[in-house]
Amino acid sequence: MIQITFPDKRVQEYPKGVTGMQIASGISEGLARNVLSIMVNEQVFDLQRPIHQNAEVRLLTWNDDEGRSTYWHSSAHLLAEALEALYPGIQFGIGPPIENGFYYDVDLGDQTISSDDFPKIEEKMKELAKAGSEYKREDVSKNDAVEYFTKKGDKYKLDLLKDLEDGTITFYTQGNFTDLCRGPHIPDTSKIKAIKLLNIAGAYWRGDEKSKQLTRIYGITFQKQKELTEYLERVEEAKKRDHRKLGKELELFTFSEKVGQGLPLWLPKGAQLRERLESFLKKAQLKAGYVPVVTPHIGHKDLYVTSGHYEKYGADSFQPIHTPVEGEEFFLKPMNCPHHCEIYKSRPHSYRDLPLRLAEFGTVYRYEQSGELHGLTRVRGFTQDDAHLFCRPDQVKEEFLKVIDLVLYVFNALDINDYTAQVSLRDPENKAKYIGSDENWEKAERAIIEAADEKGLTTKVETGEAAFYGPKLDFMVRDALGRKWQLGTIQVDYNLPERFELEYTGSDNQKHRPVMIHRAPFGSLERFIALLIEHCGGNFPLWLAPEQAIILGISEKYNDYVENISEFLKNSDIRASIDERDEKIGRKIRDAEVRKVPFMLIVGEKEAENKTVSVRKHGHGDLGSFSLDGFIELIKKETNQFIS
RNA sequence: GCCGAUGUAGCUCAGUUGGUCAGAGCUACUGAUUUGUAAUCAGUAGGUCGGGGGUUCGAAUCCCUCCAUCGGCUCCA
């Protein structure tokens with residue numbers, strides 16, 4: 001007998017070799033029906049796999065991430081089986097579950113697949129699913145595995161096998177399809193009921209650009225058709241918050257092929273929103289001891305040779321601008337830090353001056369690959385809310401802590417609370433990718449982790465994600481479709497001070513090297529605003545809204561009163577527009593609602609006589625009659641905190 | 001950059017197998033209407049069907065190429 005411990009700490013005895021399915025069946029019929037896999041001592045098992053030792057277990061269903069992963073992993077195998085049936089001779093790469101669904105990478109050889117073929121493949125999958133084939137697990141020796149895939153002619157599986165040790169290799173077979181796979185899987189294919197292939201994409205084998213590009217097919221499956229329909233509806237709903245769509249509808253920004261791809265044009269409303277965010281942060285930074293600087297958009301090649309950017313990115317960036325007479329090379333600036341280093345160097349510094357916090361809303365230009373551009377989140381010209389803190393080594397942690405406070409202040413003010421804090425460290429396997437000494441890297445990485453801990457941030461450590469010049473703490477936020485983007489960032493840099501030979505005079509009258517911290521709470525205004533739009537669905541907080549109120553006259557007869565109010569609001573620093581069109585009030589309200597104007601002031605005969613306004617709030621409806629002062633009070637209450 | 005898809009008026013979209021297929025709604029403009037909480041009615045204007053090349057008696061429709069956009073991959077200072 002073995003002892004099985006459940007999540008509620010209940011312990012029960014079972015015969016040795018009991019399976020997850022037997023345990024589930026023993027608990028309830030419903031559980032047996034819904035269970036997908038079982039967690040056994042931190043490892044997910046198939047339900048048919050015998051458990052031989054005492055273990056802590058957790059039965060996994062659709063409500064568990066691991067349960068869904070098991071389900072989608074099995075779905076990926078089903079996709080592969082269908083593909084092999086329809087396209088004989090294709091070779092298989094990997095086919096894992098992902099956050100929403102799964103994919104399989106295949107090498108189609110001479111054959112091609114496009115999304116037009118999806119219905120056919122889905123049909124085949126459904127047919128195979130109905131057959132209810134078991135997913136059979138089998139231990140195989142490395143020799144047998146190599147022999148099997150050599151015979152089958154699957155070079156990708158052979159490539160995978162190279163890295164596996166004999167004795168740890170398992171095959172899973174369902175129907176006619178056998179795959180190299182560590183599992184686990186659901187018991188059989190019949191649980192897969194609703195199937196939808198989503199898209200097709202190229203994906204390099206092992207994520208290496210130099211390897212062959214395979215065809216990746218993405219899909220998602222559910223146990224019920226209704227769940228699939230709901231999922232697809234949710235995705236459609238999320239698309240309505242897409243900043244590219246709202247940006248156009250709300251007239252915030254646009255792009256022009258003539259200006260160039262990835263170069264956003266800010267329209268008046270977007271520009272105002274942007275300016276407001278800028279002044280909000282400038283005010284906070286002034287309080288926090290930052291000093292403003294301004295630097296030009298280009299810099300001499302020598303600047304970037306010194307900074308190391310030339311060596312690292314020179315060939316992949318926008319090509320240099322040559323002066324017509326001297327033939328000197330200038331580059332569009334990809335970062336502000338080299339310029340700021342030169343500002344630091346413009347005069348000697350005492351330890352008493354530090355930290356020096358140079359802040360600039362600096363516009364930078366980077367040549368991003370064309371396929372990588374994306375709305376306002378990935379562009380070729382953007383403005384960073386940049387600052388560089390030059391401090392003594394003993395001040396690094398304190399400065400880092402203060403910056404975290406500033407980032408959190410900004411996020412709170414804008415109601416962004418679903419971020420993840422990511423600590424990006426260098427890849428110890430690939431140190432050549434980075435510049436700077438081992439000692440400095442270790443010091444910097446330690447400082448970041450400690451500061452994040454002290455601020456109580458829940459961090460996610462990503463090895464190999466560091467910038468080439470230093471480790472960083474990034475604040476990541478998801479867009480409407482669940483893609484993660486880096487917004488705020490704080491980066492420790494021991495490298496640039498070295499390269500620029502920055503120094504200060506210490507209390508010992510000796511020269512010392514300062515440490516630099518790069519930081520940007522928004523990251524870039526473009527990306528931040530994109531995420532902000534998606535976050536609030538275009539319903540900006542009142543203090544940011546390009547238009548805070550609109551005055552709607554019942555008829556043209558009241559246009560004089562409409563204009564009186566407009567003047568009054570202007571004098572009270574409220575951004576209000578007017579709608580004097582010859583339209584019915586219902587129409588004016590509808591248009592204002594669509595434009596997401598926070599407040600609508602409706603005025604007709606009653607209001608003109610009593611010197612009042614009828615207030616309607618966007619998305620809420622009629623709030624009733626207000627005096628003008630009453631309305632001002634209402635609006636100020638919501639905005640005061642941030643008005644500069 | 002790579003894989004796949006898309007590109008028709010300012011916007012959202014129709015245009016069957018190449019032959020009155022250059023259309024609709026909204027927007028804009030003009031006129032009527034003077035309106036009480038999510039679309040008043042009528043009229044007018046607006047497009048070398050992303051650009052270029054080709055096949056054809058004839059191309060929005062088929063082919064090639066370039067550009068841009070979308071979904072991924074790679075990259076990301």
Side-chain angles (χ1 to χ4, degrees), chain A residues 98 103 105 108 112-118 198-218 239 242 244-245 248-249 251 254-258 260-262 304 307-310 312-314 316-317 333-338 364-375 378 380 384 386 435 465-470 472 481 483 485-486 489 491 493 496 518 520 524 552-559 581-595 600-607 614-624:
Chain A
I98 51 177
Y103 65 78
D105 284 347
L108 293 162
T112 54
I113 288 185
S114 85
S115 48
D116 295 340
D117 301 311
F118 285 176
L198 297 169
N199 46 48
I200 192 162
Y204 301 104
W205 173 239
R206 298 209 161 202
D208 181 355
E209 211 177 351
K210 289 176 199 82
S211 295
K212 173 153 187 175
Q213 192 166 53
L214 307 181
T215 303
R216 175 171 296 178
I217 298 174
Y218 287 89
K239 280 185 186 160
D242 191 315
R244 292 166 297 188
K245 181 175 153 69
K248 191 185 274 181
E249 286 170 2
E251 298 176 333
T254 188
F255 288 90
S256 149
E257 284 190 25
K258 233 174 198 143
Q261 64 174 161
Y304 301 111
S307 71
H309 293 110
Y310 182 80
K312 190 87 187 163
Y313 293 104
D316 303 324
S317 69
K333 72 174 170 188
M335 295 183 82
N336 302 301
C337 33
V364 297
Y365 300 89
R366 298 174 186 175
Y367 176 79
E368 304 286 3
Q369 297 187 79
S370 63
E372 199 37 71
L373 299 170
H374 183 96
R378 194 74 188 274
R380 285 178 170 172
Q384 295 179 311
D386 213 356
I435 51 184
E465 289 294 309
F468 75 90
Y469 53 78
K472 52 184 186 166
L481 289 175
R483 294 172 288 220
W485 297 94
Q486 172 201 314
T489 180
Q491 318 183 353
D493 187 349
L496 277 185
H518 309 243
S524 87
L552 314 175
I554 295 285
S555 91
E556 288 179 341
K557 282 193 283 192
Y558 311 107
N559 279 355
R581 289 176 304 166
D582 176 14
E583 290 289 351
K584 287 186 165 177
I585 193 66
R587 175 55 183 274
K588 294 184 182 181
I589 287 170
R590 185 191 140 78
D591 288 350
E593 289 280 357
V594 169
R595 271 161 60 193
M600 284 151 272
L601 305 182
I602 294 150
V603 297
E605 194 178 354
K606 265 189 309 199
E607 290 77 11
S614 175
V615 178
R616 183 186 163 98
K617 190 168 181 179
H618 169 73
H620 286 78
D622 199 354
L623 297 187

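To find a chain, count down the sequence lines: A is the first, B the second, and so on, and within it residues start at 1. None of these values were measured; they are calculated from a predicted model.
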- First of A:K333 and A:T112 reached from the 5' end of RNA chain B, by closest nucleotide: A:T112

- Query: Taking for each residue the nucleotide of RNA chain B with the nearest heavy atom, is it A:V594 or A:L214 whose nucleotide lies nearer the 5' end?
  - Reply: A:L214

Closest nucleotide among [options] to the [X] side chain:
X	options	answer
A:R590	B:rA38, B:rU34, B:rA5	B:rA38
A:S555	B:rA77, B:rU37, B:rU34	B:rU34
A:R616	B:rU12, B:rU37, B:rA77	B:rU37

Between [atom2] of [N] and [atom1] of [X], the distance in whole Å:
X	N	atom1	atom2	answer
A:E368	B:rC76	CD	C1'	5 Å
A:Y313	B:rC76	OH	P	5 Å
A:D208	B:rG1	CG	P	19 Å
A:E593	B:rU37	CD	C1'	9 Å
A:E583	B:rG36	CD	P	13 Å
A:Y367	B:rA77	OH	C1'	16 Å
A:I589	B:rA38	CD1	P	6 Å
A:D622	B:rG36	CG	C1'	10 Å

Work out how far the [atom1] atom of [N] is from that of [M], and round it to whole angstrom.
N	M	atom1	answer
B:rC64	B:rU16	C1'	26 Å
B:rC49	B:rU20	P	16 Å
B:rC21	B:rG15	P	14 Å
B:rA45	B:rU37	C1'	33 Å
B:rA9	B:rA14	C1'	13 Å
B:rG53	B:rC75	P	40 Å
B:rU17	B:rG10	P	28 Å
B:rG19	B:rC62	C1'	15 Å

Quick check: do [X] and [Y] have side-chain heavy atoms less than 4.5 Å from each other?
X	Y	value
A:T254	A:K248	no
A:Q491	A:T489	yes
A:Y558	A:E605	yes
A:L601	A:V615	yes
A:M335	A:R366	yes

Review item, nucleotides 13-18 of chain B N/O atoms under 3.5 Å of protein N/O:
none

- Protein-to-nucleotide contact annotation, 5' to 3' order, nucleotides 68-73 of chain B [B base; S sugar-phosphate only; - none; under 4.0 Å, heavy atom]: SSSBBB

- side-chain hydrogen bond (donor to acceptor under 3.5 Å, both in side chains) involving A:D591 - partner list, sequence neighbours excluded: A:R581, A:R587

With both distances under 3.5 Å as the test, what is the Watson-Crick or G-U wobble partner of [N]?
N	result
B:rC75	none
B:rG4	B:rC70
B:rC41	B:rG31
B:rA14	none
B:rC57	B:rG19

- Query: Within the structure, does a side-chain N or O atom of A:K588 lie under 4.0 Å from either OP1 or OP2 of B:rG36?
  - Reply: no

So, for [X] and [Y], which heavy atoms are closest and what is the spacing to 0.1 Å?
X	Y	value
A:Q213	A:G202	NE2-C, 3.6 Å
A:Q261	A:S370	OE1-CB, 3.4 Å
A:D622	A:S614	OD1-OG, 3.9 Å

Classify the nucleic acid contact of [X] as base, sugar-phosphate or nothing, counting any heavy atom under 4.0 Å across all strands shown.
X	value
A:E249	nothing
A:S307	nothing
A:I554	base
A:Q486	nothing
A:E607	base

- Task: Kindly write out the residues that satisfy ring pair (Phe, Tyr, Trp, His ring centres under 6.0 Å) with A:H618, not counting sequence neighbours, or none if the list is empty.
- Result: none

- Item | Any residue meeting ring pair (Phe, Tyr, Trp, His ring centres under 6.0 Å) with A:Y204, in chain and number order, not counting sequence neighbours | none

- Query: Can a donor-acceptor pair under 3.5 Å be found between the side-chain atoms of A:R378 and the base atoms of B:rC76?
  - Reply: yes

- Could you label the plane-to-plane angle of the A:H309 and A:Y304 rings as parallel, tilted or perpendicular, counting under 30° as parallel and over 60° as perpendicular? perpendicular

Atom pairs, protein N/O to nucleotides 28-31 of chain B N/O, distance under 3.5 Å:
none

- Query: Counting only N and O atoms by type, is there a donor-acceptor contact under 3.5 Å from the side chain of A:R380 to the main-chain atoms of A:Y367?
  - Reply: no

- Under 3.5 Å, is there a donor-acceptor pair between the side chain of A:K212 and the main chain of A:W205? no

- Task: In plain terms, say whether A:R244 and A:D242 are close enough for a salt bridge, that is, a side-chain N and a carboxylate O under 4.0 Å apart.
- Result: yes

